[in-house]
Amino acid sequence: MWLAAAAPSLARRLLFLGPPPPPLLLLLLSRSSRRRHRLHSLGLAAMPEKRPFERLPADVSPINYSLCLKPDLLDFTFEGKLEAAAQVRQATNQIVMNCADIDIITASYVPEGDEEIHATGFNYQNEDEKVTLSFPSTLQPGTGTLKIDFVGELNDKMKGFYRSKYTTPSGEVRYAAVTQFEATDARRAFPCWDEPAIKATFDISLVVPKDRVALSNMNVVDRKPYPDDENVVEVKFARTPVMSTYLVAFVVGEYDFVETRSKDGVCVRVYTPVGKAEQGKFALEVAAKTLPFYKDYFNVPYPLPKIDLIAIADFAAGAMENWGLVTYRETALLIDPKNSCSSSRQWVALVVGHELAHQWFGNLVTMEWWTHLWLNEGFASWIEYLCVDHCFPEYDIWTQFVSADYTRAQELDALDNSHPIEVSVGHPSEVDEIFDAISYSKGASVIRMLHDYIGDKDFKKGMNMYLTKFQQKNAATEDLWESLESASGKPIAAVMNTWTKQMGFPLIYVEAEQVEDDRLLKLSQRKFCASGPYVGEDCPQWMVPITVSTSEDPNYVKLKILMDKPEMNVVLKNVKPDQWVKLNLGTVGFYRTQYSAAMLESLLPGIRDLSLPPVDRLGLQNDLFSLARAGIISTVEVLKVMEAFVNEPNYTVWSDLSCNLGILSTLLSHTDFYEEIQEFVKDVFSPIGERLGWDPKPGEGHLDALLRGLVLGKLGKAGHKTTLEEARRRFKDHVEGKQVLSADLRSPVYLTVLKHGDGTTLDVMLKLHKQADMQEEKNRIERVLGATLSPELIQKVLTFALSEEVRPQDTVSVIGGVAGGSKHGRKAAWKFIKDNWEELYNRYQGGFLISRLIKLSVEGFAVDKMAGEVKAFFESHPAPSAERTIQQCCENILLNAAWLKRDAESIHQYLLQRKALPATA
């Protein structure tokens, strides 16, 4: 499953670098201890008790589900008939299954060759989402058929078997019936053994109106008239391979499609809303290239005869990897050649790559239990980049990985309220919580580090061994380590257990000494904490693959070692005194680096003259910013480094820099010198803005388009005069139809005119939203509405967020945009959430969208008492699946407050001195 991305400017970046002198170190340690004391006094230091939970008993298990469903697209109900071939392993007079929001009409069990036994009672345990079927006589060991007739609701919660609203080309509102079962919602569509390790085959039939498309995991094998109604047909699908319930899917609705065959002969289709088949062609091209890539990489063929990719109007996640029928948000699948921007193409390519990787890694071999979810998601989040790099080398996608995944994971993992990659999961309410940046982005980052440590050849060999050994079965993390260890001969389990079983990651402190013609490096590791130096008795240790490069050849690994102890000395042979030395070439190792002052000083010219590779420039800047936030170095030092990026040409480096300046701007919106940091932003970004200009030049590509949008948006938001004037001019021409804005310029122009506009600007924007035919354009507008500054208009935007005009899954980004738009917006969004909590919570039913809403809305606060207010509100308005997110948000509020107290004055003084410089020159 791909989680739809949070707004990057809000979703990222908190951590930090350089050895302070001992007295300062003591001060930092005491400060860090004080902050932890504050966390404890607010009750934020530990997660609440886990709810009691038992997995299903093993006495009865399914072999095959024969399932027929008849959805009613007008009354939003469905009828179901299940005949499950089952194995009774030990004598019992009851069968316990998962079941939620379903009413069982009749149930019986027919032992093979014996008489039918009717169930005499259905005991629903709603809290645990289980039902116990009681039988009057004992079911003896052996096989038989469990028959259940049931009814359910096509809900509007975007989970289970649910309804999705769409508008036909003629303007009529209709509903499709669609599914989203991961993690634990197959039980809302049919009674089942809804655990990933209880696999079975499925024979699915759908009874649907004859003018509707019906799809499921497998190909259609029969389509016949339904006896009772001439307007209805029964569509029967081929039997599936052995698979888990969470990967079952069915869709009933109106769709067009485009199709092709992969070079391996697999039928690939992309289903789109009616009249938009053209918009499925880009994803079709990506999917057709991707399937053979994975087949070759894993050396295991794709096991089904077809794969469908379908755009669903109302969809909570970004996409879901149902075997053979992958469901997507419209914006994650549809590309309009004229109206889609470059970042949308890239997103579609990554999401398609991610979901198709799951067809092997997750679907063919499935995690044994949700504790190993990271294996599914971390792996797919890594290999999607490998796949996109293969399909689109011009995207420079691995540099983007560092900004999008690696640093995002480190930001979250530096918190006291992070969690290990492998989390013990019990009750269903706990599963949604671990669909987060640790499972996905840290998981992907440590796999990237592991791949680098093993080498591609042995990695591929190990992956093939793993997939071949466990196909159609379930596996745990240890099973993958065993296969990779066998292929590489390296101590994989010992190394990786330090990364998956304990939370956090190390800060590697390094200092150097020239010894004749050699350089002696002294390395030490400590856990990196967002609150400052680690204070505790037993500091966790990691086995860290460390690489070292020098200015002699910045792209070459001069030394590779495994740091398996707290301190190490290593000698670099033949390094001249004037050469710099850098750790973590390519920013692959999942750690932060703190250089001695002298080593850092020698690296900084490599930023200005671009001799450091882009991903290393990015990593260096990001480490410094994180060290400043943790109070290990001064923020002013980082601002000085940021000014060295004046010649920077790389989009991703600018993107990361922009993110960090965005975090700093949000922090300083709590001060009376917010305008000064905007001046700094304008100074940093205006040279690159002038070089790029507004219009694409011959020979430019994908990354230039991304960079132009980023830079103009940053300058426009900061109020850069000429950017603002040009944005207004182009916006006017766009609205009047004189000159339509190119898709890549729309977000920055919309943002700029709204931020510096009035009620009329907002009305024009809402009109554009209403007129937009593409969901991508609607989303583009929704994400920037929060930039408006007037309290009255902010209220109007918040009301709009809950209106029928905004799809339920997109409400979150509208409210989040308001919270991230301004200081007043943050307060208004938080009040709005409190005032409308019941409706919002009911709308998302405790899924991960509620966690995202909370995170986007409150994380920008920087006053201690707000942490207490947030905590108190959620104590009286529980959100079980967001408990960890709430703890993390409160911790971040306290970190922001500490950062502000510590550095605000020195930042202010620095910005004032910069201002004064030209006058004294």
Exercise. Side chains of Gln909 and Glu905: is there a donor and an acceptor less than 3.5 Å apart?
Worked result: yes
Exercise. Could Arg519 and Glu513 be called an ion pair, given the rule that one side-chain N must be under 4.0 Å from one carboxylate O?
Worked result: no
For this session: Considering only NZ, NE, NH1 and NH2 on the basic side and carboxylate oxygens on the acidic side, decide whether Arg730 and Glu726 come within less than 4.0 Å.
Result: yes
For this session: Please check if the distance between the ring centroids of Tyr406 and Phe590 is under 6.0 Å.
Result: yes
Problem set entry | Lys/Arg-Asp/Glu bridge criterion (N-O < 4.0 Å) met for Arg617, Glu648 | yes
For this session: For the residue pair Thr788 and Lys755, establish whether any side-chain heavy-atom pair is separated by less than 4.5 Å.
Result: no
Result block: side-chain N/O donor-acceptor pairs under 3.5 angstrom for residues 599-613, not counting sequence neighbours:
unit_1, atom_1, unit_2, atom_2, d
Ser602, OG, Met599, O, 2.7
Asp609, OD1, Ser611, N, 2.8
Asp609, OD1, Ser611, OG, 2.7

For this session: State whether Asp616 and Lys582 are salt-bridged, where the test is any N-O pair (Lys NZ or Arg NE/NH1/NH2 against Asp/Glu carboxylate O) under 4.0 Å.
Result: yes
Problem set entry | Residues Trp899 and Thr635: side-chain donor-acceptor under 3.5 angstrom | yes
For this session: In plain terms, say whether Lys721 and Glu725 are close enough for a salt bridge, that is, a side-chain N and a carboxylate O under 4.0 Å apart.
Result: yes
Exercise. Within the distance-only criterion (no hydrogens, no angle test), does the side chain of Ser655 pair as donor or acceptor with the backbone N or O of Tyr651 below 3.5 angstrom?
Worked result: no
For this session: Look at Lys901 together with Asp864 and state whether they make a salt bridge at an N to O cut-off of under 4.0 Å.
Result: yes
Exercise. Within a strict 4.5 Å, meaning less than it, do heavy atoms of the Asp656 and Phe625 side chains meet?
Worked result: no
Exercise. Considering all heavy atoms of both residues, which atom of Leu624 and which atom of Ile633 are nearest to each other, and what is their separation?
Worked result: O-CD1, 3.6 Å
For this session: Work out which heavy atom in Cys889 is nearest to a heavy atom in Ile854; give both atom names and the distance.
Result: SG-O, 4.2 Å
Seminar exercise, completed: When every non-hydrogen atom of Met866 is compared with those of Ile893, the smallest separation belongs to CB-CG2, 4.1 Å
For this session: Return yes when atom NZ of Lys827 has more than 12 non-hydrogen atoms of other residues, nucleotides or ligands closer than 6.0 Å, and no otherwise.
Result: no
Exercise. Between Gln400 and Tyr395, is there a donor-acceptor pair closer than 3.5 Å when you use the side chain of the first and the backbone of the second?
Worked result: yes
Exercise. Are any of the side-chain nitrogens in Asp683 or Arg914 under 4.0 Å away from the carboxylate oxygens of its partner?
Worked result: yes
Problem set entry | Polar contact flag, side-chain donor to acceptor under 3.5 angstrom, Arg592-Asn584 | no
Problem set entry | Taking every non-hydrogen atom, the tightest pair across Val548 and Leu572 | CG1-CD1, 3.6 Å
For this session: Would you mind reporting whether Lys558 and Val575 have side-chain heavy atoms less than 4.5 Å apart?
Result: yes
Exercise. Between Ile907 and Leu664, is any pair of side-chain heavy atoms under 4.5 Å apart?
Worked result: yes
Seminar exercise, completed: Closest heavy-atom pair, Val684 versus Trp654, reported as atoms and distance to 0.1 Å, is O-CH2, 3.5 Å
For this session: Say whether Glu891 and Asn417, considering side chains only, have a donor N or O and an acceptor N or O under 3.5 Å apart.
Result: yes
Problem set entry | Note, Ser790 side chain near Asp758 side chain (heavy atom, < 4.5 Å) | no
Exercise. Is Val570 close to Met563 at the side-chain level, that is, under 4.5 Å between some pair of heavy atoms?
Worked result: no
For this session: Measure the shortest side-chain to side-chain distance between Thr671 and His908 over non-hydrogen atoms and say whether it is less than 4.5 angstrom.
Result: no
For this session: Flag the pair Tyr674 / Ser665 as yes when at least one side-chain heavy-atom distance between them is below 4.5 Å, and no otherwise.
Result: yes
For this session: For the pair Lys640 and Glu643, find out whether any cationic side-chain nitrogen is under 4.0 Å from an anionic carboxylate oxygen.
Result: no
